[in-house]
Amino acid sequence: MYAASAARLVAQLFAVTANYAEAQDAVQEAFVRALTRSGRFRQLDNPEAWLRRVALNVARSRFRRQLRLDRLIRSGRLTGVERGSPELSPDHVALVAALQRLPRATRETVVLHHIGDLPVAEVAATLGCSVEAVKTRLVRGRQALAEHLDEAASPVSGAAAGRANRR
């Protein structure tokens, strides 16, 4: 089904949204929803029509959310929101690179707590794990980040330390 209709649906949604990435995302979301309802989806008389309707609804919902956000930004009720892409500092790039080196569960925990500013209990609820697991992941994540960021800050000393450890 995907091979037969995905490109056609993306082309149709692109014509509606005038944003190719948004069209791709909406169609992809429609296929994901079809997979979650695979029993009912197989029984449809016209599955492509159903996918098109779902993709259009997804695109409309995203458009409405974007309009609300734009209105909030223009109203001045949101503070600290920057328009456009922020400049990425070398520190930000190094942090993201270090985060990518962490195991997925640890990375999610660190990001939710330190960047998302969620309390430990809320991180645990979001990730479906215990508070103790979150605390353990945070400790391990901080230690690993410190090591990764130290390596990034001084690649020469990191290489020298690696050679010293091999002796």
Side-chain angles (χ1 to χ4, degrees), residues 1-120 122-129 133-134 137-138 140-141 144-145 148-149 151-152:
M1 184 69 200
Y2 185 85
S5 59
R8 184 172 38 252
L9 291 170
V10 169
Q12 293 168 7
L13 266 286
F14 176 58
V16 170
T17 63
N19 182 322
Y20 190 69
E22 185 64 32
Q24 288 178 313
D25 287 347
V27 170
Q28 193 71 23
E29 179 64 26
F31 276 100
V32 167
R33 291 182 187 182
L35 286 173
T36 63
R37 298 167 180 87
S38 60
R40 285 183 25 202
F41 183 73
R42 283 191 208 111
Q43 296 173 357
L44 293 172
D45 292 332
N46 189 347
E48 188 171 327
W50 184 88
L51 289 164
R52 183 181 307 104
R53 186 176 66 244
V54 170
L56 281 168
N57 287 340
V58 167
R60 287 179 191 129
S61 293
R62 290 180 179 179
F63 179 73
R64 285 191 296 266
R65 277 195 300 271
Q66 186 62 49
L67 282 177
R68 283 194 298 269
L69 178 63
D70 289 344
R71 272 189 247 123
L72 276 171
I73 290 170
R74 282 193 307 271
S75 73
R77 290 186 282 175
L78 286 181
T79 58
V81 176
E82 295 180 21
R83 298 292 284 161
S85 299
E87 291 296 319
L88 296 179
S89 69
D91 290 342
H92 183 91
V93 172
L95 176 61
V96 171
L99 283 167
Q100 294 305 306
R101 294 175 68 182
L102 298 178
R104 181 196 50 79
T106 303
R107 181 175 57 246
E108 289 173 353
T109 303
V110 168
V111 167
L112 289 173
H113 182 67
H114 290 292
I115 296 174
D117 208 24
L118 297 179
V120 170
E122 194 170 341
V123 172
T126 300
L127 298 178
C129 62
V134 168
R137 290 176 189 173
L138 287 172
R140 290 179 182 163
L145 281 174
H148 297 322
L149 291 171
E151 288 172 12

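Model, not experiment: these values are computed from the prediction.
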Below 3.5 Å, can you tabulate the donor-acceptor pairs from side chains in residues 101-111 to any protein atom, sequence neighbours excluded?
unit_1, atom_1, unit_2, atom_2, d
R101, NH1, E151, OE1, 3.2
R101, NH2, E151, OE1, 3.2
R104, NH1, E108, OE1, 3.0
R104, NH1, E108, OE2, 3.2
R107, NH1, L102, O, 3.0
T109, OG1, A105, O, 2.8
T109, OG1, R137, NH1, 3.4

Side-chain donor-acceptor contacts of residues 6-22 below 3.5 Å, not counting sequence neighbours, with atom names and distances?
unit_1, atom_1, unit_2, atom_2, d
R8, NE, E48, OE2, 2.7
R8, NH2, A4, O, 2.9
R8, NH2, E48, OE1, 2.9
Q12, OE1, R52, NE, 2.7
T17, OG1, L13, O, 3.0
T17, OG1, N19, N, 3.2
T17, OG1, N19, O, 3.1
N19, OD1, A21, N, 3.1
N19, OD1, E22, N, 2.9
E22, OE2, R62, NH1, 3.4

* Checking side-chain contact (heavy atoms from CB on, under 4.5 Å) for the pair L138/V120: CA distance, chi angles, key distance, verdict? -> CA-CA 9 Å; L138 287 172; V120 170; 4.1 Å; yes
* Chi angles and distances behind the side-chain contact (heavy atoms from CB on, under 4.5 Å) call for E122, L112 -> CA-CA 9 Å; E122 194 170 341; L112 289 173; over 6 Å; no
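Between atom CD of residue Q66 and atom OG of residue S61 there is a gap of 13.0 Å, rounded to the nearest 0.5 Å. Taking CD from E29 and CG from L51, the interatomic distance works out to 11.5 Å, rounded to the nearest 0.5 Å.
Nearest heavy atom pair, residue R60 against residue N57, reads NH1-OD1, 2.8 Å. The nearest pair of heavy atoms linking A55 to A26 is O-CB, 3.5 Å.
Counting heavy atoms from C-beta on, the side chains of D70 and R74 come closer than 4.5 Å. With contacts defined as side-chain heavy-atom distances shorter than 4.5 Å, the pair H113/V134 does not qualify. Residues F41 and M1 form a side-chain contact, since some pair of their non-hydrogen atoms from C-beta on lies under 4.5 Å apart.
Taking a 6.0 Å sphere around CZ of F63, one finds it holds 12 or fewer heavy atoms contributed by other residues, nucleotides or ligands.
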